[in-house]
Amino acid sequence: MTSEDQQDLGLGLKPGDPHYRAYVGPPEDYDLIAAMTFNLLTTLGLRQHHSLLDIGCGSLRIGRLLIPYLNRGKYFGMEPNEWLVEEGINHEIGKSLVEIKHPTFFFSDSPGIITQANVAFDFALAQSIFSHCGLNLIKNWLAAISPSLARDGALVATFLIGEEDSRQTGWIYPECVIHRSATLERAAKDVGLRFEILDWKHPRQTWALFAAAGFDSTWFKERPLTWNTGLEKALSEKHQP
C-alpha cells in the first residue's frame, strides 16, 4: 500500500485513536470483522426484509455491508459518538445510499433508547461491545434488548471469555474486560433469552447468541464445518507471524 492509502485507512494506529476506522478497533481488521459478521448474520438467517439493530454501530464497519443489503428502513444503528457515523457515511457508504435506504440512527449510549424505535427486531448485533462492558451494563443492555426482539429474534454478540468475571462497571474502552460464559448465560436467562456459544471465527473474541424463545439455531449447529472454512483460512493467513 502507498503511504496515502495507509493514512486514509488508519493503518498503524491504535484502537481508540481519533480516526474513524481506528477508533472502533484495530484498523487492520476493519474489513475482516465486517465480512465475518455479515457472513455470520446471513448464515443465522438474516434476510433483506428483516429489521436489525446495530448496537455501537460506530463508523459503520458492518453497517456499510448491512445498509445496502437490507430493505429500506430496516437498519437501525445506535452510537453515542455522532462524528463516527458521519465519518462512516462520508467515507464508506455516501449520502446517496442513506437517502435510498433510509437507515435510522440513535445517538445515545442509553440502552433504554431502544424502545423509541418501536420495532420488534429480527436481529440485534453487539460486536465488540460486551468486551468493553462491566456486568452491570451488560445486564442493562440485555434487559432493554429482550423485550424489543421479535418472538423468533436474536441478539448476536461477542465477548472475551475468562475464568472469572471482571469487577469493573460501566463502559470501559479501549480497555477490554473478561466474563465467564456461565455468568452471561445466567444474565440471559434472567431476561428470558437462551444463551449459546457460536462456532464462528473471530480474531480475538467469542461469538454468542442470546435468542428469544422462537429462534431456531439447531440447523446452524448441525451445518457442515466447511461453511466456515473460508473465514478460517483468511484468519490464519492474516495472523501468521
Side-chain angles (χ1 to χ4, degrees), residues 31-58 60-78 93 97 101-104 114-115 117-131 138 141-159 181 184-185 187-189 191-203 205-235:
D31 59 336
L32 185 61
I33 294 294
M36 65 172 50
T37 304
F38 184 82
N39 287 335
L40 173 58
L41 287 168
T42 55
T43 300
L44 284 168
L46 177 70
R47 297 297 179 263
Q48 62 183 4
H49 62 277
H50 287 148
S51 58
L52 180 140
L53 174 66
D54 187 359
I55 300 166
C57 64
L60 308 181
R61 175 171 48 189
I62 178 61
R64 65 191 181 132
L65 302 182
L66 288 170
I67 291 172
Y69 172 77
L70 295 171
N71 290 345
R72 179 179 173 87
K74 294 296 187 177
Y75 176 91
F76 296 79
M78 286 192 63
I93 63 173
L97 185 59
K101 290 294 187 172
H102 202 261
T104 298
I114 294 174
T115 59
N118 196 28
V119 171
F121 292 105
D122 299 294
F123 286 90
L125 172 67
Q127 200 287 130
S128 197
I129 300 299
F130 290 176
S131 52
I138 291 177
W141 277 113
L142 292 178
I145 292 168
S146 180
S148 297
L149 289 175
R151 186 192 64 81
D152 56 351
L155 162 68
V156 182
T158 63
F159 71 106
S181 58
L184 296 189
E185 184 174 12
K189 186 177 180 180
V191 295
L193 297 176
R194 183 179 76 254
F195 175 85
E196 297 178 17
I197 297 293
L198 295 175
D199 178 21
W200 202 260
K201 292 295 181 179
H202 192 286
Q205 302 187 35
T206 298
W207 288 100
L209 184 74
F210 298 80
F215 187 87
D216 182 9
S217 61
T218 55
W219 64 269
F220 176 83
K221 291 182 288 188
E222 296 170 355
R223 78 198 191 286
L225 294 178
T226 54
W227 284 22
N228 203 19
T229 301
L231 283 178
E232 184 173 1
K233 183 175 183 293
L235 275 174

### Message
Test of understanding: with ring-ring contact (aromatic ring centres under 6.0 Å, His included), list the residues that count as partners of F220, not counting sequence neighbours.
### Response
none
### Distance-minimising heavy-atom pair for K74 and Q48
CG-O, 4.3 Å
### Task
Would you name the heavy atoms of A212 and R151 that are closest together and state the gap between them?
CB-O, 3.3 Å
### Message
Restricting to side-chain hydrogen bond (donor to acceptor under 3.5 Å, both in side chains), what partner residues turn up for E185, sequence neighbours left out?
### Response
none
### Message
Is there a side-chain contact between L53 and S148 in this structure, where contact means two heavy atoms from C-beta onward sitting under 4.5 Å apart?
### Response
no
### Message
Taking M36's backbone N and O only, do any of them form a donor-acceptor pair with W200's side chain (distance below 3.5 Å, no angle check)?
### Response
yes
### Message
Using the rule given for side chain to side chain contact (heavy atoms under 4.5 Å, CB included), can you reason through V156 versus L209, listing the C-alpha separation, both sets of side-chain angles and the distance that settles it, and then say yes or no?
### Response
CA-CA 5 Å; V156 182; L209 184 74; 4.1 Å; yes
### Task
Quick one: pull up CD1 in I114 and CG in L149 and give me the separation to the nearest 0.5 Å.
8.5 Å
### Query
Within the distance-only criterion (no hydrogens, no angle test), does the side chain of W207 pair as donor or acceptor with the backbone N or O of K201 below 3.5 angstrom?
yes
### Task
Please round to the nearest 0.5 Å and tell me the distance separating atom CD1 of I55 and atom CD1 of I129.
7.5 Å
### Task
Let me know which of W141, F195, F210 forms a side-chain contact (heavy atoms from CB on, under 4.5 Å) with L155.
F210
### Contact summary for L97 and I93, nearest pair of heavy atoms
CB-O, 3.6 Å
#### Entry: Any side-chain heavy-atom pair of H49 and L70 under 4.5 Å
no
### Message
Nearest 0.5 angstrom please: H202 NE2 to L40 CG, how far?
### Response
10.0 Å
### Query
Of F76, F121, Y69, F123, which meets side-chain contact (heavy atoms from CB on, under 4.5 Å) against L52?
F123
### Task
Using atom types as modelled and distance alone, determine if a side-chain donor or acceptor of T158 lies under 3.5 Å from a backbone N or O of S128.
yes
### Query
How about S131 and Q205: does a side-chain donor come under 3.5 Å of a side-chain acceptor?
yes
### Rounded distance (nearest 0.5 Å) linking atom CD1 of I67 with atom SG of C57
7.5 Å
### Query
If you look only at pairs with a residue in residues 61-71, which of them pass as a salt bridge (Lys or Arg N to Asp or Glu O under 4.0 Å), with sequence neighbours excluded?
R64-E92
## Note on the structure
The side-chain hydrogen bond (donor to acceptor under 3.5 Å, both in side chains) partners of N71 (sequence neighbours excluded) come to none
#### Entry: CG-CG distance between L44 and D216, expressed to the nearest 0.5 angstrom
11.0 Å
### Task
Taking the side chain as every heavy atom from C-beta outward, state whether V119 and T104 have any pair of such atoms under 4.5 Å apart.
no
### Query
Partners of Y75 by ring-ring contact (aromatic ring centres under 6.0 Å, His included), sequence neighbours excluded?
none
### Query
Has the side chain of S146 got a donor or acceptor atom that lies under 3.5 Å from a matching backbone atom of L142?
no
### Message
Quick check: closest heavy atoms across A34 and L65, and the distance to 0.1 Å?
### Response
O-CD1, 3.6 Å
### Message
Please find the pair of heavy atoms, one from I197 and one from S181, that lie closest to each other, and give the distance.
### Response
CD1-CB, 4.4 Å
### Message
S51: which residues meet the side-chain hydrogen bond (donor to acceptor under 3.5 Å, both in side chains) condition with it, sequence neighbours left out?
### Response
D122
### Task
State, with a plain yes or no, whether a side-chain heavy atom of I138 is found less than 4.5 Å away from one of F159.
no
### Message
Are I33 and P203 packed together at the side-chain level, in the sense that at least one heavy-atom pair is separated by less than 4.5 angstrom?
### Response
yes
### Spacing of L66 atom CG and T42 atom OG1 [to the nearest 0.5 Å]
9.5 Å
